[in-house]
Amino acid sequence: MTDVSTHQAQEDARNDTIQIWVNGELKPRAEATVNVFDSGFMLGDGVWEGLRLYDGRWAFLDEHMDRLFEAAKAIDIDIELDRTGVVAALEQTRTANGMTTDAHARLMVTRGVKTRPFQHPSLSQQGPTVVIIMEHSRPSIPRPLRLATVPHIRGLPMTQDPKLNSHSKLNCILACIAAEKAGADEALMLDIHGFVNTTNACNFFIVRKGAVWTSTGDYCMNGITRQKVIDLCRANDIPVYERNFSLVDTYGADEAFLTGTFGAQTPVSEIDGRQIGSGTAGPITLRLRQLYKDLVLS
């Protein structure tokens, strides 16, 4: 079967010549670099947001700004731009690249350049590094995804809080590698109690007897798209539960899908070699996909 990822997009030659925002300057892709002493490169010390552009508007911009500034405060980084300044940088980058829709932005903030190559935050003395990579990006996921459960878990807040959209993604990368070694597209990760939690890149939902289930949210990134799906269920009389559930519940689901800023709602066909429902996008998944599309375009 064809290899598939949750962030698979159509090839677009315009991305070869994009302008990238680096600390207030727009630079051609080939010249957009950061210092090897940057704390993000060296230690994964930073936070980021992914945003989608639809018909000239950034979807759920306020929620993304809330999450960015909350995360920066949590890890004690001063972005040195206020919300208006960050949004202006997004718009400057969008305009420079002539983007009006079907664009994806990755907005990254690190603690900045270190004076010496060691861990202590006080060694970052030059202010933050802020980068915006913006690409023409139309999702092109040719089939539902196959998942494999992996031993890597999303842990407790006192280790690395899974609610932080941090640059330190090694745990998730190892989970993704394990899933690929098992012949799947993405990893299904459990929580510390063994309940089904999330995937390495997206939030996870199942449908059983017309009801939508997702994790409690205690051990996963509480994604903005995740919350929008929960809200859409509640507004449209679709039963929805944030609850603990096991792999047994998951294997017996009628439908399963992932949520994320890039792919919105991506159907799942198989988990650990077991077909889920018909193996295609089910009726609840398709209904939520349409409701979500209507929401972002409203």
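We use all heavy atoms of the structure for the numbers below, so side chains are in, but hydrogens, waters and symmetry mates are not.
- In this structure, Thr199 OG1 and Phe204 CZ are separated by 8.5 Å, a value rounded to the nearest 0.5 Å.
- Each of Phe41 and Leu107 belongs to its own hydrophobic cluster when Ile, Leu, Val, Met, Phe, Trp and Tyr are linked at side-chain heavy-atom distances under 4.5 angstrom.
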Output, in order, the C-alpha distance, side-chain angles, deciding distance and verdict of side-chain contact (heavy atoms from CB on, under 4.5 Å) for Phe205 and Thr285.
CA-CA 10 Å; Phe205 289 75; Thr285 304; over 6 Å; no
In sequence, state the C-alpha distance, the side-chain angles, and the governing distance for Asn171 and Gln160, and then conclude on side-chain contact (heavy atoms from CB on, under 4.5 Å).
CA-CA 10 Å; Asn171 186 44; Gln160 181 170 316; over 6 Å; no
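- Within the structure, the ring pair (Phe, Tyr, Trp, His ring centres under 6.0 Å) test picks out no pair touching residues 75-101 (sequence neighbours left out).
- For Val22 against Thr33, the heavy-atom pair with the smallest separation is CG1-O, 4.0 Å.
- Side chain of Asn15 to backbone of His136: a donor-acceptor contact under 3.5 angstrom is found.
- Pairing each heavy atom of Pro142 with each of Val4, the nearest pair is CG-CG2, 3.8 Å.
- Between Arg146 atom CZ and Asp185 atom CG the span is 4.5 Å, to the nearest 0.5 Å.
- Both Ile276 and Leu145 sit in one connected hydrophobic cluster of ILVMFWY residues. Membership requires side-chain heavy atoms under 4.5 Å apart, directly or through other members.
- Considering only heavy atoms from C-beta on, Ile133 comes within 4.5 Å of Met108 through its side chain.
- Atom CD1 of Ile75 and atom CD of Glu70 lie 12.0 Å apart (nearest 0.5 Å).
- Each ring pair (Phe, Tyr, Trp, His ring centres under 6.0 Å) pair with one or both residues in residues 174-199, not counting sequence neighbours, appears once here: His193-Tyr219.
- One hydrophobic cluster holds both Leu297 and Ile224 under the rule that ILVMFWY side chains link at heavy-atom gaps under 4.5 Å.
- At a threshold of 4.5 Å between non-hydrogen side-chain atoms, the residues Thr129 and Arg111 do not count as touching.
- Using a 4.0 Å cut-off between charged side-chain N and carboxylate O, Arg226 and Glu242 make a salt bridge.
- Side-chain contact check for Arg94 versus Trp58: some heavy-atom pair is nearer than 4.5 Å.
- The side-chain hydrogen bond (donor to acceptor under 3.5 Å, both in side chains) search around Ser124 returns Lys114, not counting sequence neighbours.
- Side-chain atoms of Lys169 do not come within 3.5 Å of backbone N or O of Asn200 as any donor-acceptor pair.
- Side chain of Ser39 to main chain of Gly112: a donor-acceptor pair is present (N/O by atom type, distance under 3.5 Å, no hydrogens or angles).
- For the atom pair CG of Leu147 and OG of Ser269, the computed distance is 8.0 Å after rounding to the nearest 0.5 Å.
- Ser246 meets the side-chain hydrogen bond (donor to acceptor under 3.5 Å, both in side chains) test with Asp249; sequence neighbours excluded.
- Asn244 places a side-chain heavy atom less than 4.5 Å from the side chain of Asp191.
- The ring pair (Phe, Tyr, Trp, His ring centres under 6.0 Å) contacts involving residues 96-123 comprise His104-Phe262, where partners must be two or more places apart or lie in separate chains.
- For the pair Ser168 (side chain) and Gly44 (backbone), a donor-acceptor distance under 3.5 Å is present.
- Under the 4.5 Å side-chain heavy-atom criterion for Ile, Leu, Val, Met, Phe, Trp and Tyr, Leu258 and Met221 are members of distinct hydrophobic clusters.
- No more than 12 heavy atoms of other residues, nucleotides or ligands lie within 6.0 Å of CD in Glu11, so this atom counts as exposed by the packing criterion.
- Within the 4.5 Å cutoff, the side chain of Arg52 has heavy atoms near those of the Pro139 side chain.
- Asn97 places no side-chain N or O within donor-acceptor distance of the main-chain N or O of Ile18, the cut-off being under 3.5 Å.
- Between Gln10 and Asp12 the shortest side-chain heavy-atom distance does not fall below 4.5 Å.
- The distance from atom CG of Asn197 to atom CZ of Arg154, rounded to the nearest 0.5 Å, is 7.0 Å.
- Nearest heavy atoms, Asn203 versus Gly223: OD1-N, 3.2 Å.
- The 12-atom threshold is exceeded at CG of Asp16, counting heavy atoms of other residues, nucleotides or ligands nearer than 6.0 Å.
- The two residues Phe257 and Leu288 come nearest to each other via the heavy atoms CZ-CD1, 3.7 Å.
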Passes side-chain contact (heavy atoms from CB on, under 4.5 Å), Phe69 versus Leu81? Steps please.
CA-CA 10 Å; Phe69 279 87; Leu81 291 169; 5.6 Å; no
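- For the atom pair CG (Asp294) and CZ (Arg289), the distance works out to 13.0 Å, reported to the nearest 0.5 Å.
- Taking all atoms of both residues into account, the shortest heavy-atom contact from Pro144 to Gly279 is CG-O, 3.7 Å.
- Side-chain contact between Gln227 and Asn222 is absent, with no heavy atoms from C-beta onward closer than 4.5 Å.
- Two different hydrophobic clusters hold Val296 and Leu61 under the rule that ILVMFWY side chains link at heavy-atom gaps under 4.5 Å.
- Under the salt bridge (charged side-chain N to carboxylate O under 4.0 Å, His left out) criterion, the residue pairs touching residues 55-64 are Asp62-Arg83, Glu63-Lys228, with sequence neighbours excluded.
- The backbone N or O of Val130 sits less than 3.5 Å from a side-chain atom of Asn23, completing a donor-acceptor pair.
- Under the 4.5 Å side-chain criterion, counting only non-hydrogen atoms from C-beta, Met134 is not in contact with Leu53.
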Between Leu188 and Leu247, does a side-chain contact (heavy atoms from CB on, under 4.5 Å) hold up when you go through it step by step?
CA-CA 10 Å; Leu188 185 61; Leu247 285 171; 3.9 Å; yes
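- Put simply, the side chain of Asn165 never gets that close to the backbone of Val47: no donor and acceptor are under 3.5 Å apart.
- Using modelled atom types, no side-chain atom of Trp48 and backbone atom of Val109 make a donor-acceptor pair closer than 3.5 Å.
- Smallest separation of non-hydrogen atoms from Arg208 and Val248: NH1-O, 4.4 Å.
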